[in-house]
Protein chains: 2
Amino acid sequence: MKNLTLKDIAAALNLSITTVSKALKDYPDVNTNTKERVKAYAKKVNFTPNAHAAFLRTQQSKLIGVVIPRLNHFFFSNVLRGIMKAAEEEDYMVIVLSSDESYELEKKQINRLLQQNVDGILLSIADSTHDTKHIDAIIEQKIPLIFFDKYSKLSNCSSVVINDQKAAFNAVEHLIKQGKKNIAHLRGPLLPQNSIDRFLGYRKALEQYGLEYRKEWVFTCDQISNEEGYAYTQEIIEKHPEIDAIFAVADMPAVGAIKCLNEQKIVIPDQIAVMGFSNWRISNLVTPTLSSVNQPGIKMGEKAFELFYKEQQLIKKGESVVYEKIELDTKLIIRQSS
Amino acid sequence: MKNLTLKDIAAALNLSITTVSKALKDYPDVNTNTKERVKAYAKKVNFTPNAHAAFLRTQQSKLIGVVIPRLNHFFFSNVLRGIMKAAEEEDYMVIVLSSDESYELEKKQINRLLQQNVDGILLSIADSTHDTKHIDAIIEQKIPLIFFDKYSKLSNCSSVVINDQKAAFNAVEHLIKQGKKNIAHLRGPLLPQNSIDRFLGYRKALEQYGLEYRKEWVFTCDQISNEEGYAYTQEIIEKHPEIDAIFAVADMPAVGAIKCLNEQKIVIPDQIAVMGFSNWRISNLVTPTLSSVNQPGIKMGEKAFELFYKEQQLIKKGESVVYEKIELDTKLIIRQSS
DNA sequence: CTGAAAGCGCTTACAG
DNA sequence: CTGAAAGCGCTTACAG
């Protein structure tokens, strides 16, 4: 069964292609009867217009591209779900590409999307991305670009993010209010803005509550893995027995920390409290359950799509676009580990 | 900066559109010099052919569609990675859609993909899918369809799967060889084939080793959640103190079981051993670590794309397609819980 | 070796 | 209210 075309329908109903096309799109200048005949027939034969032919005229592909640093990542899966849900409502479909945290791959993927004529690109930049030429190329082509979660301060476009600094501040503040005074930080890599911001939130909380900041209590998890969390916690136990709480840049290192503490029979949270970040499913499954900061991934995805859609509408109408930066609220989830 | 077209290049180089097009595609009947001029210029101005216009002629969109039951799922994320990796090598891009385990949504998503003229569809069917009319519609349109992981026995097409029955058999056999005699099974929902097959593997292992099968030792986890695993384990402890091992249909219920056993101070694996299925990242993070069956998700994705690509090549050449069923090897991962 | 022309399937300005 | 025609940007059979 070949796909039907407007021509086939026109022939079957003894109408012109023009009229069939107009009828299907509810143009006001088509006889109501004709419209109904056409629509009924189209439905009967299950006609769907050829998207590519339509693109050639309308310049709209009804496709957006999403580039994320990692596919296999609870948070980004959630963002993707949000994007796909919002996209579906406007009859958009989503091409998903992963940069694997690589700058080169990110560049390549963006080029592929541009070549496919997607109507917009939603991007969370890779940790290793250090310049923005490839990003500026999108903006030059007047294709809406929306950042989510990890963004570049250098590019002029809309974004939907969380306030990492504030979220980290709140998390550390909670530890302090639990009576903790010597708080270590398992930080993320040095480059990404959100890892920097979480670190800054940590420092700010210490400062505001009159606690001393000590460089040697900060450990860099380049892979943000549980192995790193495990190893650094081992080091903490051996070399820094005064430490009574650990704030991790993400849940994975925090889970590693819990594992190490459990094995060493150190009581959580009484001796050492642990706080994660991102509220992965796993935080609720470890023993003791892990306190964390919830990032609204699904909502972030929905908002990102909505921003894209709004921009596109403005561009279509020829109106000027005002870039927005949406900051979503995070929420402290207190569990047994703190 | 508008996108350039063949026309622009032809004008700039004083050639015809035909020649430019041929030169870029390395047609043999174009002067080598001309070819080089064209290619150099195209590169300079960063020309990329319009994919939609090309489709209208070639009927190839260089797009495939993937429909998975759940996006936020470690195993399917891995499959997706495999698909995307293999697709990238053939310059394909992937439209990802989720059926959310809903039959209706699955139907809808497939229709959307068909409308977008994807070159092929890779599908893992929803638990609630009970008929295959929507699937047959794909096959009728002569678009390659490949099943992965969850398939329908009723449809005639290629698939890449694991042998759930055998994998479950091996897992239970291992428990038996550890000296366990009264093995409970936390099974999945009644409909999906892989949940049935894992149950059958469980029964077969009991049978083969002369252990009695007892209906009341089988518990159905409709959500395949850790909460169900937790609750059923509670029930096992209270009502079936003779049980000395639990084989779960997936890691989530197994993790719930571990949590319950930990809380009740039941020693794992000495008093009760636990075996999961799928080898999620989490199985390595709980205490004790969870034994499980590794499903080669990435490889499954790669194979699924390769099957699609092979079929497409055959169709293009007008040769007849022979459907294949690829069965990938699983691997028993023994950790502390067994 | 080069190029004019048809056609893929749509949309839409225009004529009647 | 209906329809002929142009054109979106390609590819390719055909002519020269």
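As the structure is a computational prediction, the values presented were derived from the model and not from experiment. Residue numbers start from 1 in every chain, and the chains themselves are labelled A, B, ... in the order their sequence lines are given, proteins ahead of strands.
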Q.
When you measure from the side-chain N and O atoms of B:Ser16 to the phosphate of C:dG3, is any distance below 4.0 Å, counting only OP1 and OP2?
A. yes
Q. Side chain of B:Val30: nearest nucleotide among C:dG9, C:dT2, D:dC1?
A. C:dT2
(Q) Distance check needed: D:dC1 C1' versus A:Leu15 CG, whole Å only. (A) 11 Å
Q: For A:His52 and D:dG9, give me the distance from atom NE2 to atom P, rounded to whole Å.
A: 16 Å
Q) Out of C:dT11, D:dC10, C:dC1, which has the shortest distance to the side chain of A:Ile17? A) C:dT11
Q | Closest nucleotide among D:dC10, D:dC8, D:dT2 to the B:Thr5 side chain | A | D:dC10
Q) Any idea which of D:dG9, C:dC10, D:dC1 is nearest the A:Pro49 side chain? A) C:dC10
Q) Does one side chain, of A:Thr19 or A:Ser16, offer a donor that lies under 3.5 Å from an acceptor on the other? A) yes
Q | Residue met sooner reading DNA chain C from 5', once B:Thr34 and B:Gln59 are mapped to nucleotides | A | B:Thr34
Q. Do the side-chain N or O atoms of A:Thr19 get closer than 4.0 angstrom to the phosphate oxygens (OP1, OP2) of D:dG3?
A. yes
Q) Is the distance between the ring centroids of A:Tyr92 and A:Phe308 less than 6.0 Å? A) yes
Q: Counting heavy atoms from C-beta on, name the nucleotide in C:dA6, C:dC1, D:dT2 closest to the side chain of B:Arg57.
A: C:dA6
Q: Establish, from distance only, whether the side-chain atoms of B:Asp131 and B:Tyr103 form a donor-acceptor pair under 3.5 Å.
A: yes
**Q.** Whole-Å distance separating the CG atom of B:Leu6 from the P atom of C:dG3
**A.** 14 Å
**Q.** Atom-pair distance (CG on B:Leu24; P on D:dC10), nearest Å
**A.** 10 Å
Q: Compare the minimum distances between each of C:dC14, C:dC10, C:dA4 and the side chain of A:Lys22, then state the nucleotide with the smallest one.
A: C:dC14
Q) Under 4.0 Å between a side-chain N or O of B:Thr18 and OP1 or OP2 of C:dT2? A) no
(Q) By the 4.0 Å heavy-atom rule, please label B:Phe55 as base, sugar-phosphate, or nothing. (A) nothing
(Q) Hydrogens and angles aside, do B:Ser158 and B:Glu311 bring a side-chain donor and acceptor to less than 3.5 Å of each other? (A) yes
Q.
Does a side-chain N or O of A:Asn50 approach OP1 or OP2 of C:dG9 to a distance below 4.0 Å, or not?
A. no
Q) Are a donor atom and an acceptor atom from the side chains of A:Ser102 and A:Asp100 found within less than 3.5 Å of each other? A) no
Q: Return no unless some side-chain N or O of A:Ser21 is found under 4.0 Å from OP1 or OP2 of C:dC10.
A: no
